[in-house]
Number of protein chains: 2
Amino acid sequence: MNDVDSVLYSVDPVIFTFHKSELSVLLVKRQIEPYKALWGLPGGRVDKDKCANLAEALKLKLKQKTGIDQLFFEQLETYGSESMDPRGWSVTTAYLALTHEDELSFASLKNTEAMMWMSLEDVEALPKMAFWHRKIIRDAFSRLRDKSLYTDLPVNFMPEKFTYPALKSAYEKIIGVEITRQGFARRMNSANIFEDTGEREEGKNRPSPLYRKSQRGGAYVFPGLIKGVKNDK
Amino acid sequence: MNDVDSVLYSVDPVIFTFHKSELSVLLVKRQIEPYKALWGLPGGRVDKDKCANLAEALKLKLKQKTGIDQLFFEQLETYGSESMDPRGWSVTTAYLALTHEDELSFASLKNTEAMMWMSLEDVEALPKMAFWHRKIIRDAFSRLRDKSLYTDLPVNFMPEKFTYPALKSAYEKIIGVEITRQGFARRMNSANIFEDTGEREEGKNRPSPLYRKSQRGGAYVFPGLIKGVKNDK
DNA sequence: ATAATAGTGTCTTTCAGACATTATGAT
DNA sequence: ATCATAATGTCTGAAAGACACTATTAT
């Protein structure tokens, strides 16, 4: 391989979840230079011997860092620059990944890196992050917010069975506006992408039905955007 | 630089234009191995000495291949695999670029590679293409079609001054359905992104006004999708 | 005058927001 | 019985499709 034709390359997943009701990102504290001791994304080099393609490389990375083999992800954007990494011209492909916190147990981790869920608010408050990871996280959040206005992307934050109020709350926290309960239910029902499990949630008052995403696979695109913004009294 | 940490890397623009009224892609016939003598995208390695980042690398590539320095582009997707390039694990970042054919003159090209505009139909008819370029072109077209349903992306195919019928025709060829003349004009007018130059096109019958995109910069997102499909009688 | 195409206005449909009313389950 | 929340149905508004009718220019 020729130096002229190659670049330092890595993949960087931005893994979002709701941790303590706050939209949060999985970060690791770097143990080595460059950017040692700073927080960054749980990415890294592609293990070319074990991975036949980029998607496999990302899956391996997710498995290594979180212990889960199945979690939703999609490619976000590729960043490349001579200044991003002090070791030279480098390129990184960022991915947006979503999971329910329960699916991930830190106990299953085999490495010893310091890891944590950090809320987006706390990420913004960090004085410095590794590489371009702050920008990448912002871009990932923008993508998540934009696509949540017209797709069912936020169901990927839910466990297998979930209630409409739980999903609605995820939508609201992502897009930053409130949705009426009735309008939300109508939007979801008319999409025909969920099935009622027949079960009900536990707790007080009238319980919500537990739904499940019926057809595995593709993202659903709603006919219109979520526009509105008013609170249900 | 360590071989373990780096990969073969390139950028590949998919440059669309309307050539002889057909949506077409700029292709070059490869002069060297691998895939010698096959048609492929006009991409290549990043010149790390001349480019500080990926966008610059892409601009340089576009300038070298087409002779234009300003043309619209956006990042499409990054592809990586051990099998894409016989020389080893490689990664390429594809870009979607749009231009009006007039802006590009083959005469301005300094290199000697065989180049041509090939219609998408002819691309599909090719028995074989270099690398994963056929898949990349298909993905680029999908992105173009999808985004044309809710953005003003197709104005990037227009020269500076253009008529609504010309723009409408571009939309129709991209999305594959017809739009009513009146609905199209209403959609464009209500977006408030074009200004009437006061000039009229030349030709027969009642001439159309020539419009110009008023604010340079961002892509416009329409409030709703183009859905419908019926011909104006 | 005629043909071709541009511009205007109205009706319908779809879908989201608002909101009132009814239903259900925990206490 | 009361309260909280879920379900249902109606009204409004925005925006796209359909289409009739008028306006303008070349021939």
Side-chain angles (χ1 to χ4, degrees), chain A residues 146-152 154 161-169 171-172 174-211 220-233, chain B residues 146 148-152 154 161-169 171-172 175-211 220-233:
Chain A
D146 292 349
K147 287 194 78 168
S148 295
L149 291 175
Y150 59 94
T151 70
D152 65 345
K161 298 172 186 175
F162 57 90
T163 63
Y164 277 179
L167 181 56
K168 169 174 175 288
S169 164
Y171 267 95
E172 289 173 329
I174 294 164
I175 67 182
V177 300
E178 307 215 324
I179 313 168
T180 58
R181 181 176 52 77
Q182 300 94 327
F184 183 79
R186 182 177 41 184
R187 187 176 174 86
M188 296 302 138
N189 288 334
S190 63
N192 253 359
I193 50 176
F194 304 130
E195 56 187 32
D196 192 330
T197 62
E199 299 169 64
R200 301 299 172 90
E201 67 172 342
E202 320 227 312
K204 293 179 180 174
N205 307 320
R206 181 171 174 178
S208 284
L210 285 164
Y211 292 91
Y220 180 79
V221 177
F222 292 97
L225 297 179
I226 297 176
K227 316 162 183 176
V229 194
K230 207 172 169 182
N231 205 345
D232 191 15
K233 131 177 111 280
Chain B
D146 292 349
S148 295
L149 291 174
Y150 60 94
T151 71
D152 65 346
K161 300 172 185 175
F162 57 90
T163 62
Y164 276 179
L167 182 55
K168 170 174 174 288
S169 164
Y171 267 95
E172 290 174 330
I175 67 182
V177 299
E178 308 215 324
I179 312 168
T180 59
R181 178 177 54 81
Q182 299 94 329
F184 184 78
R186 182 175 42 181
R187 187 177 174 87
M188 296 302 138
N189 288 333
S190 63
N192 254 359
I193 50 176
F194 304 129
E195 57 187 33
D196 192 330
T197 62
E199 300 170 64
R200 300 302 171 89
E201 67 173 341
E202 320 225 313
K204 295 179 180 174
N205 308 321
R206 182 170 173 178
S208 284
L210 284 164
Y211 292 91
Y220 179 80
V221 178
F222 291 97
L225 298 178
I226 297 175
K227 315 163 186 178
V229 192
K230 208 171 166 183
N231 205 345
D232 190 14
K233 130 178 113 280

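Letters A, B, ... mirror the listed sequences (proteins, then strands); counts begin at 1.
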Rounded to the nearest angstrom, tell me the gap between atom CG in B:Asn189 and atom P in C:dG7. 8 Å
Distance check needed: D:dG17 P versus B:Lys168 NZ, whole Å only. 11 Å
Dump the intermediate steps for side-chain contact (heavy atoms from CB on, under 4.5 Å) on B:Ile179 and B:Arg187, then the final yes or no. CA-CA 11 Å; B:Ile179 312 168; B:Arg187 187 177 174 87; over 6 Å; no
Atom-to-atom span, CD of B:Glu202 to C1' of D:dT24 - whole angstrom: 17 Å
Compare side-chain N and O positions of B:Ser208 against OP1 and OP2 of C:dA6 and report whether any pair is under 4.0 Å apart. yes
Could you give the CZ-to-P distance, from A:Arg200 to C:dT24, as a whole number of Å? 10 Å
Flag side-chain contact, heavy atom, 4.5 Å: B:Phe194 against B:Leu167: yes
Assert: residue with more 5' nearest nucleotide on DNA chain C, out of B:Pro165 and A:Gly224, is B:Pro165
Which nucleotide, D:dA7, C:dG7, C:dA3, lies nearest any side-chain atom of B:Asn205? C:dA3
Within the modelled atom types, does a donor on one side and an acceptor on the other bring the side chain of B:Arg186 and the base of C:dG9 under 3.5 Å apart? no
Does A:Gly183 reach a base, just sugar-phosphate, or nothing at all? Heavy atoms under 4.0 Å. nothing
CZ of A:Arg181 versus P of C:dA23: gap in Å, rounded? 15 Å
Do B:Ser208 and B:Arg200 come close enough that some side-chain heavy atom pair is under 4.5 Å? no
Measure CD/A:Glu201 against C1'/C:dA26 and give the value in whole Å, please. 12 Å
Nucleotide D:dT8, atom P - distance to OH of A:Tyr164 in whole Å: 11 Å
Ignoring hydrogens and angles, tell me if any N or O in the side chain of A:Ser148 forms a donor-acceptor pair with the backbone of A:Ile175 under 3.5 Å. no
With nearest nucleotide decided by heavy atoms, which residue, B:Pro209 or A:Pro207, maps closer to the 5′ end of DNA chain C? B:Pro209
Under-4.0 Å side-chain N/O to phosphate OP1/OP2 contact, A:Arg187 with C:dA16: yes
Nearest to the side chain of B:Gln182, heavy atoms from C-beta on, is which of C:dG9, C:dG17, C:dA6? C:dG9
Output the single nucleotide from C:dG17, C:dG7, D:dA7 whose closest atom is nearest the side chain of A:Arg206. D:dA7
To the nearest angstrom, how far is B:Met188 atom CE from C:dG7 atom C1'? 16 Å
